[in-house]
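Read the numbers this way: they start at 1 and go in the same order the structure lists the ligands and their atoms. The residues of the chain are indexed from 1 along the displayed sequence. Keep in mind that what you see is a predicted model, and the values were worked out from it rather than measured.
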Amino acid sequence: MSDSKLYDLIIVGGGPAGLTAAIYAMRAALDTVLIEKGVHGGQIANTDSVENYPGFETITGFELCQKLSDHVKSYGIEMHQKEVIAIEPGIDFHSVRLDDGQTLSARSVILASGGTPRKLAVPGEDKFYGKGVSYCATCDGFFYRGKTVVVVGGGDTAMEEALFLAKITQKVYLTHRRDAFRASRILQQRVKAECKIEVLWNTVVTEIKADDKGVNAVTLQDTKTSEKRELAIDGVFVFIGFVPDNKLVPSGVDMNAQGYVITDEKCETRIPGLFVIGDLRQKYARQIVIAAGDGCTAALAAAHYVEMKKASDACTLSE
Ligand code: NAP
């Protein structure tokens with residue numbers, strides 16, 4: 001990796017979107033570098049079981065990440081585990097600044113930074129994170145063998161993670177702020193059939209409490225009557241959605257009110273040669289297969305963009 005080199009493409013983010021973009025970019029013979037600050041796989045690395053990625057009836061998130069990552073590596077791509085601190089668009093090329101002081105340049109950039117789990121924002125949540133508060137059942141469920149936990153949320157993630165925790169723990173309270181789940185019907189049916197899960201409808205967690213051993217209770221509030229009560233539990237698992245990680249999105253790129261980036265059908269932003277894919281992009285549904293689809297689209301579009309750019313640069317030089 002060198003500051004003076006001009007790459008064809010820099011991919012920022014190594015989740016399913018970024019990794020798929022890398023596969024297509026390498027196959028299109030783009031001189032590509034992939035930058036990821038953590039482990040490959042993004043959010044799915046924390047998903048217990050994936051049952052809707054075509055070709056796999058069931059696969060763990062970790063295994064799927066591993067397969068995607070191995071597939072990318074088979075093309076001999078340049079990869080770096082570094083943090084990107086800024087993307088600076090330009091006319092001739094775009095610059096990507098890294099936390100170690102280096103700046104990389106490329107004719108095109110694909111941003112696939114995804115997002116992070118939404119927080120409850122109640123007292124005790126930050127303080128007891130890692131001491132009884134978790135956003136990942138696959139990572140932390142093991143610590144609650146034979147214990148009692150509360151899961152917060154009514155979407156697909158909450159259902160899947162509650163089902164996973166029911167296999168390990170003694171009891172799962174599933175709290176949801178309304179009287180109907182948002183999750184897909186098949187997951188709702190499985191939750192209802194699982195005797196270890198007790199659903200607490202119209203209920204929110206307003207405080208997380210702990211003693212010197214860690215979390216030991218939550219305060220629950222009924223959203224209809226406002227009545228409060230305390231529930232003794234050993235852990236709190238929060239699955240209430242997603243916040244897009246848009247801090248690297250440069251000014252001049254359109255975003256919607258929720259902070260998702262608006263692109264055209266090629267996943268290209270208003271800045272030519274800057275593409276945004278995966279969970280950070282505004283779209284109808286957020287699924288692994290769609291993130292992968294975005295990666296394919298953007299890499300093919302980037303390949304076309306780079307080819308045109310090189311041709312026009314060659315014309316300018318020969319004039
Ligand atoms: P989601 O679908 O946005 O659901 C978030 C849930 O949390 C909703 O039930 C919401 O309640 C609740 N919620 C939001 N803010 C809250 C707050 N402050 N306090 C209490 N509850 C709150 O998020 P997700 O479940 O993480 O799923 C995200 C996307 O990934 C979805 O498109 C989902 O289909 C997809 N996904 C798919 C799979 C799969 O197919 N295998 C697995 C996981 C996720 P309301 O319903 O009242 O708004």
Review point. Any heavy atom of Glu51 sitting closer than 4.0 Å to ligand 1?
Key: no
Review point. Can you tell me the protein heavy atom closest to atom 24 (P) of ligand 1 and the distance?
Key: Thr157 OG1, 3.2 Å
Practice item. Report the member of Lys283, Arg178, Arg286 with the shortest heavy-atom distance to atom 46 (O) of ligand 1. Key: Arg178
Point to revise | Shortest protein contact, atom 41 (N) of ligand 1 (heavy atom only) | key: Glu160 OE2, 2.8 Å
Practice item. May I ask you to decide if the ring planes of Tyr305 and Phe275 are parallel, tilted or perpendicular, using 30° and 60° as cut-offs? Key: perpendicular
Review point. Any nitrogen or oxygen of Gly154, main chain or side chain, under 3.5 Å from a nitrogen or oxygen of ligand 1?
Key: yes
Check your understanding: Is Asp99 salt-bridged to Lys37, going by a charged N under 4.0 Å from an acidic O?
Key -> no
Study note, to complete from the structure: shortest atom 33 (C) of ligand 1-to-protein heavy-atom contact is with Asp156 OD2, 3.4 Å
**Study point:** Under 3.5 Å donor-acceptor, Asp245 side chain and Thr116 backbone
**Key:** no
Practice item. Flag the pair Arg286 and Asp279 as a salt bridge only when some basic side-chain nitrogen lies within less than 4.0 angstrom of an acidic carboxylate oxygen. Key: no
Check your understanding: Of all heavy-atom pairs between Lys283 and Gly278, which one has the smallest distance, and what is that distance?
Key -> NZ-O, 2.5 Å
Check your understanding: Considering only the protein, which heavy-atom contact is closest to atom 37 (C) of ligand 1, and what is its distance?
Key -> Gln287 NE2, 3.3 Å
Point to revise | Result of checking Tyr144, Phe143, Tyr135 against Phe237 for ring pair (Phe, Tyr, Trp, His ring centres under 6.0 Å) | key: Tyr144
Check your understanding: Looking only at protein heavy atoms, which one is nearest to atom 40 (O) of ligand 1, and how far off is it?
Key -> Asn52 ND2, 2.6 Å
Practice item. Ignoring hydrogens, just give me the one of Val122, Ile240, Thr203 whose non-hydrogen atom is nearest atom 21 (N) of ligand 1. Key: Ile240
Study note, to complete from the structure: The protein heavy atom nearest to atom 15 (N) of ligand 1 is Arg177 NH1, 3.5 Å
Check your understanding: Can you name the closest pair of heavy atoms from Ser95 and Thr103 and give their distance?
Key -> CB-CG2, 3.8 Å
Exercise for review: May I ask you to identify the nearest protein heavy atom to atom 3 (O) of ligand 1, giving residue, atom name and distance to one decimal place in Å?
Suggested key: Gly241 CA, 4.1 Å
Point to revise | Which residue and heavy atom of the protein sit nearest atom 48 (O) of ligand 1, plus the separation | key: Arg182 NH2, 2.6 Å
Exercise for review: Please say whether the positively charged group of Lys171, taken as NZ for Lys or CZ for Arg, lies over the ring of Tyr173, i.e. under 6.0 angstrom from the six-membered ring centre and within 45 degrees of the axis.
Suggested key: yes
